[in-house]
S.K.: 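Submitted below is the structure of interest, expressed as C-alpha cells.
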Amino acid sequence: MNKVLERHLRRVEPRLTPAQRRAARNAARTVNLALQGGGAHGAFTWGVLERLSEEEKLAIEGISATSAGAMNATVFAYGMSVGGRDGARTALTQFWRRISHAAAFTALQPTAFDRIGENRALAWSPAFMFFDMMTRMLSPYQFNPLNFNPLRNALNAVVDFGQLSMAHCPIKLFLSATNVRTGKVKVFTNDEIDADAVLASGCLPFIFQAVEIDGEAYWDGGYMGNPAMFPLIYNCESSDIVIVHINPLERDDVPKTAPEIMNRINEISFNSSLMREMRAINFVTKLIDEGAECNRHLRRMLIHGINAEHVMTELSHASKLNADWEFLTYLRDEGREHAELWLDRNFDRLGRESTIDIAGIYL
C-alpha cells in the first residue's frame, strides 16, 4: 500500500472503551468538506460524496472546492436543496452521465480500454492525440474562438442555480478561482454562484478561454487554492474538515518522460496552496498545545483525509480528460470504497481529534 495512504489510514490506540465507542458511533457528527480538482478523476469524489450522503448520522455544513471538486460540490448541494440525500445522489449521477455523453461525441475518448489489476491502459484516438498536440501549440482563443464548453450545458441541464442561494441551500459553498490579472484567489459563495462561477473554478487556461465575471477574468482555482481551507475555518462552526484528495502528494518514482514531468509539475503546483495552509494549521495547533498566551484567540481545527493515492498514481495525466462511462464509474466505486473505509475507521473520532498526521504528510 502507498506510504501516504498508510499514514492516512493508520489508527492510534483506542482511547475509548467498546461501550464508549458504540455510543460515539451513534452520535451525530457535522463536518466540512474540502474537495480537490482533477478533471475526470473528480469521479472519485463523486463516489466519496455518494457514500458520505448515505451516512444518516453525518451532516455536511460547508464545502470548499475547486475545479472538478467545485462541480461536484455545486451539483451535490443543489441535489440536497431540492431532494435531500437521495436528491444529491441522483443529481451527481445525472451530471456525470451527461459529462460522459458529451465526451462520447467529441472523438477524444480512448479507442481501447483495458483493465490491468487496478491500472487502466488507454489507447487514445488520433483525434485526441491531435488535440493534445494542438493545445501545446495554440491558445484556446485560437483553436476554440467560439469558446464552446460542454461543461456549461451539463451544469445548466442538472442545476437550478437559484436553489443554491443561502435562502434555499442547506450547505455553505465556497468555490475558488484564480484572478488572472491579480493572481489572487477569488472565493464564490452561495449567492454568487452560477454556471460562470463554476466554470471559472475549473478553467484550465490551455484548454478554455478565461471566464469573465464582473469585468474580471478567471482561471482554474487550483493555482491558488486546491481547495482553499480558510473559508471553512472562518465561516463554519464545525471544526472537522475532511479533505478529499485527487492529486497525489507523493510519487515513488522520479518522472523521466516529458508527459510524466509535466504531470508531476502540475501535481506539485496544484497541491502547493493546500500545503501552505496545512502548515499554518499545524503551527496554530502547536501554539494551542503549548498553551501560548494568545491561544484563547486561536481555533483548533480537526483535519481528516480521504484519498486513493495508490490508484491515482497509476493513472496518466491524459486520463483526467477521459470521460468514458466505465472509467468514471470505476473511479466512483473507488471513492465509495475509500469513503466506507474512512467512515469505519474514523467516524467515532470526529469532533475529538485529527485522524491524519498533519506534520508527517504536509510538512
S.K.: Side chains of T30 and D240: does their closest heavy-atom pair fall under 4.5 Å?
M.R.: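 No; the side chains remain at least 4.5 Å from each other.
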S.K.: Please determine whether side chain to side chain contact (heavy atoms under 4.5 Å, CB included) holds for the pair I243 and M278, giving the CA-CA distance in whole Å, both sets of side-chain angles, and the decisive distance to 0.1 Å.
M.R.: CA-CA 11 Å; I243 306 170; M278 294 306 294; 4.1 Å; yes
S.K.: Answer whether the closest heavy-atom distance between the side chains of I261 and I265 falls below 4.5 Å.
M.R.: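 Of all side-chain heavy-atom pairs linking I265 with I261, at least one is under 4.5 Å.
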S.K.: Say whether T355 and R349, considering side chains only, have a donor N or O and an acceptor N or O under 3.5 Å apart.
M.R.: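 No - no donor-acceptor pair under 3.5 Å links their side chains.
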S.K.: I want to check something: taking the side chain as every heavy atom from C-beta on, are R299 and M301 in contact at a cut-off of under 4.5 Å?
M.R.: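 Yes; the side chains approach each other to less than 4.5 Å.
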S.K.: Considering only heavy atoms from C-beta outward, does the side chain of I171 approach that of E61 to under 4.5 Å?
M.R.: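 Not in contact.
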S.K.: How close do R251 and L315 get, heavy atom to heavy atom, and via which atoms?
M.R.: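 Answer, listing the atom of R251 first, then L315: NH2-O, 4.3 Å.
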S.K.: Tell me the salt bridge (charged side-chain N to carboxylate O under 4.0 Å, His left out) pairs involving residues 193-204, sequence neighbours left out?
M.R.: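 Every pair satisfying salt bridge (charged side-chain N to carboxylate O under 4.0 Å, His left out) with a residue in residues 193-204: R152-D196.
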S.K.: Which is it for E309 and L249 under the side chain to side chain contact (heavy atoms under 4.5 Å, CB included) test, yes or no, and what are the steps along the way?
M.R.: CA-CA 8 Å; E309 293 214 351; L249 290 169; 3.6 Å; yes
S.K.: Indicate the atoms forming the closest heavy-atom contact of V185 with M224, along with that distance.
M.R.: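 So the two residues come closest at CB-CB, 3.8 Å.
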S.K.: When the side chains of residues 198-214 are checked against the rest of the protein, which donor-acceptor pairs come out under 3.5 Å, sequence neighbours left out?
M.R.:
residue: S201; atom: OG; partner: S67; partner atom: N; Å: 2.8
residue: S201; atom: OG; partner: S176; partner atom: O; Å: 2.6
residue: Q209; atom: NE2; partner: N144; partner atom: O; Å: 2.9

S.K.: Search all heavy atoms of S64 against all heavy atoms of P227 and return the closest pair with its distance.
M.R.: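 It is O-CB, 3.7 Å.
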S.K.: Does a side-chain heavy-atom distance below 4.5 Å link F230 with F174?
M.R.: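 Result no, sub-4.5 Å side-chain heavy-atom pair not found.
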S.K.: Would you say that R336 contacts V48 through its side chain, given a criterion of any heavy-atom pair below 4.5 Å between the two side chains?
M.R.: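 No; the side chains remain at least 4.5 Å from each other.
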S.K.: Could I get the full list of ring pair (Phe, Tyr, Trp, His ring centres under 6.0 Å) partners for F44, not counting sequence neighbours?
M.R.: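 Scan of F44 (ring pair (Phe, Tyr, Trp, His ring centres under 6.0 Å), adjacent residues dropped) gives H338.
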S.K.: For a quick test of reading the model, state the closest non-hydrogen atom pair linking I246 to G42 and the distance between them.
M.R.: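 Minimum heavy-atom contact is CD1-CA, 4.4 Å.
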S.K.: Tell me whether R332 forms a cation-pi arrangement with W96, defined as NZ or CZ under 6.0 Å from the six-membered ring centre and within 45 degrees of its axis.
M.R.: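 Pair R332/W96 does not count as cation-pi.
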S.K.: Return yes when atom CD of E237 has more than 12 non-hydrogen atoms of other residues, nucleotides or ligands closer than 6.0 Å, and no otherwise.
M.R.: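 Incorrect, the count does not exceed 12.
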S.K.: Should the heavy atoms of other residues, nucleotides or ligands under 6.0 Å from CH2 of W46 be counted, would the total exceed 12?
M.R.: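 Atom CH2 in W46 is crowded, with more than 12 foreign heavy atoms closer than 6.0 Å.
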S.K.: Carefully, step by step, assess I63 and L232 under the rule side chain to side chain contact (heavy atoms under 4.5 Å, CB included).
M.R.: CA-CA 7 Å; I63 305 179; L232 300 175; 5.9 Å; no
S.K.: Output, in order, the C-alpha distance, side-chain angles, deciding distance and verdict of side chain to side chain contact (heavy atoms under 4.5 Å, CB included) for R300 and T285.
M.R.: CA-CA 6 Å; R300 183 187 298 276; T285 301; 3.6 Å; yes
S.K.: Look at E50 together with R89 and state whether they make a salt bridge at an N to O cut-off of under 4.0 Å.
M.R.: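 No, this pair does not count.
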S.K.: So among T66, N307, N271, which one has a side chain to side chain donor-acceptor pair (under 3.5 Å) with Q36?
M.R.: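 For Q36, the side chain to side chain donor-acceptor pair (under 3.5 Å) test succeeds with only one of T66, N307, N271, which is N271.
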S.K.: Ion pair present between R85 and E56, side-chain N to carboxylate O less than 4.0 angstrom?
M.R.: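 Yes, R85 and E56 are salt-bridged.
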S.K.: Sequence neighbours excluded, which residues qualify as side chain to side chain contact (heavy atoms under 4.5 Å, CB included) partners of Q163?
M.R.: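 For Q163 the side chain to side chain contact (heavy atoms under 4.5 Å, CB included) partners, ignoring immediate neighbours, are Y78, S81, V82, D160, H168.
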S.K.: Could you pull out all residues at least two apart from Y218 that satisfy ring pair (Phe, Tyr, Trp, His ring centres under 6.0 Å)?
M.R.: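 By the ring pair (Phe, Tyr, Trp, His ring centres under 6.0 Å) rule, Y218 matches F188.
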S.K.: For E260, give me all partners under salt bridge (charged side-chain N to carboxylate O under 4.0 Å, His left out), at least two apart in sequence or on another chain.
M.R.: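 Not a single residue meets the salt bridge (charged side-chain N to carboxylate O under 4.0 Å, His left out) criterion with E260.
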S.K.: Here's a test for you: under salt bridge (charged side-chain N to carboxylate O under 4.0 Å, His left out), which of K186, R181, K184 qualifies with E216?
M.R.: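 Checked K186, R181, K184 against E216; only one passes salt bridge (charged side-chain N to carboxylate O under 4.0 Å, His left out): R181.
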S.K.: Measure the shortest side-chain to side-chain distance between M312 and N247 over non-hydrogen atoms and say whether it is less than 4.5 angstrom.
M.R.: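 Side-chain contact under 4.5 Å: no.
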S.K.: What pair of heavy atoms forms the shortest contact from I193 to T74, and how long is it?
M.R.: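 Minimum heavy-atom contact is CG2-OG1, 4.5 Å.
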S.K.: What is the minimum heavy-atom distance between A339 and L52, and which atoms define it?
M.R.: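 Looking at all heavy atoms of both residues, the shortest contact is CB-CD2, 4.4 Å.
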S.K.: Evaluate the side-chain proximity of S354 to L302: yes if any heavy-atom separation is below 4.5 Å, no if none is.
M.R.: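 Heavy-atom side-chain distance check passes, below 4.5 Å.
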